[in-house]
Amino acid sequence: MSAVTTTAPAVTAAPPAVRRRRRSLSPGRRLPAARLIGPVLLLALWAAASAAGRLDPGAIPAPWTVLETGARLWTEGTLPDDVLTSLQRAASGFAIGLVAGVALALAAGLSRVGEALIDGTVNLNRAIPTLGLIPLFILWLGIGETFKIAIIAIVVYIPIYLNTHAALAGIDSRFVELAEVQGLNRFQFIRQIVIPGALPGFFVGLRLGVTGSWLGLVVLEQINATSGLGYLMFQAQNYGQSDVILVGLVVYGVFGLVSDSAVRLIERRVLSWRRTLSS
């Protein structure tokens, strides 16, 4: 009797389970010219609403009307001089506020005595509306340029101080202990530990200070001024020239956007060693 050989059917292995692709939680790649997308979209909506007749030309002129007015003021009016005057006021107040904010933050952040003398005073100053100090500063400094620069300096130094001081206070104490073990002197400690640790907070305060200088300027230039963008807008208000007012607002907006972008660029270069979501 011949043996019957049975062959077992081949068992096909099940395909391996397809791994799910891990979802990235990061914001993704930075879009080119990302900060301009919002303003360009707003400009497009403004132009579309004006072309469709949805906006009253007397209240909100069309973008091309504002552009024509700005070109006329630049070539035939006082816009170049007004822009230069506003830049000088903002730069002077910003420089004073920057130096004061950094100096006070270092004094309060590196010394308990300095913190006791400075921190409470600055926070009291922060609680008082800065623009509410205008009448008092006019009595002290007169109605000229000095009080305008002083108010801008106050608007600038407060956010720079607060953010820089908070960054100093947030430095890990283990770094301080490491500096002591390594035998660093005071200057080396500040250069190698304090400054790198405080830079992120400093740049946040710097951006707020830059924006604050323009916000304060637009109000101050309407008080007994004979030049500047704020004065130009105030005069346009008296004559009902909404297109001139929008020209001033656009110039202020461009100044604010450019200065903030410049600070961001410097921040990315200086803090290139950090691995953050924005980078």
Side-chain angles (χ1 to χ4, degrees), residues 31-95 130-131 134 138 143-149 151-153 155-156 207-265:
L31 298 175
R35 303 199 69 208
L36 296 179
I37 294 176
V40 170
L41 179 60
L42 180 62
L43 180 61
L45 293 174
W46 179 16
S50 298
R54 298 290 183 178
L55 299 177
D56 180 11
I60 305 179
W64 44 88
T65 302
V66 175
L67 185 61
E68 292 174 358
T69 302
R72 176 175 53 82
L73 290 174
W74 186 267
T75 57
E76 303 175 6
T78 61
L79 186 57
D81 294 334
D82 292 330
V83 168
L84 182 60
T85 301
S86 295
L87 286 174
Q88 290 174 342
R89 287 172 179 153
S92 299
F94 179 78
T130 304
L131 296 180
I134 290 177
I138 290 177
I143 200 70
E145 293 293 311
T146 307
F147 98 91
K148 297 181 178 68
I149 294 174
I151 292 293
I152 293 173
V155 172
V156 170
R207 290 181 58 196
L208 293 174
V210 168
T211 304
S213 65
W214 298 116
L215 294 177
L217 186 66
V218 69
V219 176
L220 294 167
E221 287 190 329
Q222 299 183 30
I223 301 175
N224 194 45
T226 57
S227 62
L229 289 172
Y231 171 76
L232 180 69
M233 294 168 61
F234 181 72
Q235 292 296 105
Q237 174 193 348
N238 294 333
Y239 294 101
Q241 298 172 316
S242 57
D243 54 342
V244 177
I245 295 176
L246 284 175
V247 168
L249 291 176
V250 169
V251 175
Y252 274 125
V254 170
F255 282 166
L257 183 62
V258 170
S259 56
D260 185 70
S261 298
V263 174
R264 279 173 170 260
L265 178 61

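Here, residue 1 is the first one in the sequence, and each next residue gets the next number.
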Q: Would you check, one step at a time, whether the test side chain to side chain contact (heavy atoms under 4.5 Å, CB included) holds for Tyr239 with Val244?
A: CA-CA 10 Å; Tyr239 294 101; Val244 177; over 6 Å; no
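- A donor-acceptor contact shorter than 3.5 Å links the side chain of Gln222 to the backbone of Val218.
- In this view, Trp46 satisfies the side-chain hydrogen bond (donor to acceptor under 3.5 Å, both in side chains) rule with no residue, not counting sequence neighbours.
- Sequence neighbours left out, the pairs with a member in residues 216-225 that pass salt bridge (Lys or Arg N to Asp or Glu O under 4.0 Å) are Arg89-Glu221.
- For the pair Leu215 and Tyr252, the minimum side-chain heavy-atom distance is 4.5 Å or more.
- In this structure, the separation between CG on Asp260 and CG on Leu208 is 9.0 Å, given to the nearest 0.5 Å.
- With hydrogens and angles ignored, the 3.5 Å screen pairs no side-chain donor or acceptor of Thr65 with any backbone N or O of Pro61.
- Interatomic distance, CD1 of Ile151 versus CG of Leu217, reported as 12.5 Å (0.5 Å rounding).
- Summarising the geometry of Leu43 relative to Pro63, their closest heavy-atom pair is CD1-CB, 3.9 Å, with the distance given to 0.1 Å.
- Separation of atoms OG (Ser227) and CG (Leu232) is listed at 10.5 Å; rounding is to 0.5 Å.
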Q.
Is there a side chain to side chain contact (heavy atoms under 4.5 Å, CB included) between Leu257 and Leu36? Walk through the geometry before answering.
A. CA-CA 9 Å; Leu257 183 62; Leu36 296 179; 4.2 Å; yes
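- One distance of note links CG of Leu229 with CG of Leu84; it measures 10.5 Å at 0.5 Å rounding.
- Between Met233 and the choices Leu246, Asp82, Leu249, Val251, the side chain to side chain contact (heavy atoms under 4.5 Å, CB included) rule is met once, by Leu249.
- Val210 has its side chain out of reach of Val156: every pair of non-hydrogen atoms, C-beta onward, lies at least 4.5 Å apart.
- Taking all atoms of both residues into account, the shortest heavy-atom contact from Val155 to Ser213 is CG1-N, 4.3 Å.
- Separation of atoms CG (Leu45) and CZ (Arg54) is listed at 13.5 Å; rounding is to 0.5 Å.
- Across all their heavy atoms, Phe94 and Ile152 have their closest contact at N-CG2, 4.1 Å.
- Pro57 and Ser242 get closest at one heavy-atom pair: O-OG, 4.3 Å.
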(Q) side chain to side chain contact (heavy atoms under 4.5 Å, CB included) for Leu73 and Thr69? Distances and angles first, verdict last. (A) CA-CA 6 Å; Leu73 290 174; Thr69 302; 4.0 Å; yes
Q: Apply the test side chain to side chain contact (heavy atoms under 4.5 Å, CB included) to residues Ile143 and Ile223: give CA-CA distance (whole Å), side-chain angles for both, the deciding distance (0.1 Å), then the verdict.
A: CA-CA 8 Å; Ile143 200 70; Ile223 301 175; 4.2 Å; yes
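- Closest non-hydrogen pair, Val83 versus Trp74, comes out as CG2-CZ3, 4.4 Å.
- When all heavy atoms are compared, the tightest approach of Trp214 to Ser86 is CZ3-O, 4.5 Å.
- Here Ser92 contributes atom OG and Lys148 contributes atom NZ; the two are 12.5 Å apart, rounded to the nearest 0.5 Å.
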